[in-house]
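Along the sequence shown, residues are numbered consecutively beginning with 1. Keep in mind that this is a model prediction, so the values were computed, not measured.
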Amino acid sequence: QGNIMLFWEIILYSLVQGITEFLPISSSAHLLILEKLLSWPIPGRTTAIAAHLGSLFAVLLYLKGDIISILRSIFKLENYFQNNNIKTLKNIIVITIPIILVGLFIFKNFDDKLLTLNVIAWSSIIGATLLFISDKFKIKEKNISSLSFLECLFIGILQVFALIPGASRSGTIITAARILNIQRIEAAKLGLYTSIPVILGAVTLESIWLINNVSNITNYLYIVITCIMSFIFAYLSIIFLMKWLKTKNFAPFILYRILLGLTILIIFNN
């Protein structure tokens with residue numbers, strides 16, 4: 001577990017993780033920068049799990065209407081394959097399979113080696129450039145349920161690259177969706193939907209590690225605070241993103257990521 005983080009560090013960690021998790025700007029990039037700037041010990045895995053759980057609850061709350069609708073369709077058992085809710089669920093499953101397989105069986109051995117500022121800087125710049133190009137595509141009235149199997153597989157394979165720190169999982173999903181002419185709000189919504197199984201998978205893996213390696217976890221209050229604060233900031237962040245995309249595009253996020261990448265390269269390489 002290392003040194004226990006101070007109370008203000010817990011708040012800052014929750015703020016940064018909650019806000020950046022669902023915006024297309026990469027939460028891992030911002031957390032690593034914080035760790036370097038403030039000379040933190042790498043935050044304990046309990047902190048990371050609590051922050052991710054808070055983010056997960058925020059998504060579930062925001063999408064509760066859609067999730068209830070999908071669950072009702074599952075138990076209805078009529079017009080099964082024509083039902084848009086069932087199509088949406090099927091598409092999310094197809095999109096998620098590649099990242100779960102690669103994350104579980106391959107990537108766990110490489111994630112620490114890739115978590116460097118140089119990797120984050122370049123993946124931030126490249127990711128922003130790809131989002132810029134994809135966001136220029138003509139918008140069609142296309143939504144998540146209308147995606148074909150191959151289109152879902154394409155998004156799923158692109159999401160695997162989000163395992164590279166700084167690439168942004170949300171940004172990668174949105175980029176892939178925009179290449180396929182999915183509307184901006186639907187693209188961002190797809191980023192939310194697909195975060196549910198990915199965060200659940202990550203939390204499960206980390207929890208298994210924790211149970212096997214840590215005999216006693218004493219700082220329960222900090223865990224609860226991290227979870228609650230991360231939930232609040234993530235929920236506000238989702239609401240902001242969805243309202244923003246009703247009338248505007250991804251330009252500020254693209255510009256921010258390019259500037260972030262360049263700043264890292266200039267400051268930390270000198």
side-chain hydrogen bond (donor to acceptor under 3.5 Å, both in side chains) between T116 and N118, worked out: CA-CA 6 Å; T116 69; N118 269 345; 6.0 Å; no
Plane angle bin for Y256 and H30 - parallel if under 30°, tilted between 30 and 60°, otherwise perpendicular: parallel
Short side-chain to backbone donor-acceptor contact, N85 and I74, under 3.5 Å: no
Cluster overlap L31 with I11, hydrophobic side-chain contacts below 4.5 Å: yes
For I254, side-chain contact (heavy atoms from CB on, under 4.5 Å) partners two or more places apart: A128, L131, F132, F250, I258
Aromatic plane relationship, W244 with F240 - under 30° parallel, 30 to 60° tilted, over 60° perpendicular: tilted
Under 3.5 Å side-chain donor-acceptor pair for R169 and T194: yes
T20 side-chain N/O to V16 backbone N/O, donor-acceptor pair under 3.5 Å: yes
Nearest non-hydrogen partners of S55 and I199, listed with the distance: CB-CD1, 4.4 Å
L153 with I95, same ILVMFWY side-chain cluster at under 4.5 Å: no
G54 backbone acceptor or donor facing S230 side chain under 3.5 Å: no
hydrophobic_cluster_shared for V160 and F149, side chain cutoff 4.5 Å: no
Residues in side-chain contact (heavy atoms from CB on, under 4.5 Å) contact with L192, at least two apart in sequence or another chain: F22, V59, Y62, L63, I238, M242
E151 side chain vs S148 backbone, donor-acceptor pair below 3.5 Å: yes
Value rounded to 0.5 Å, distance of CD1 in I267 from CG in L117: 10.5 Å
Note: R178-E186 ion pair, threshold 4.0 Å (strictly below): no
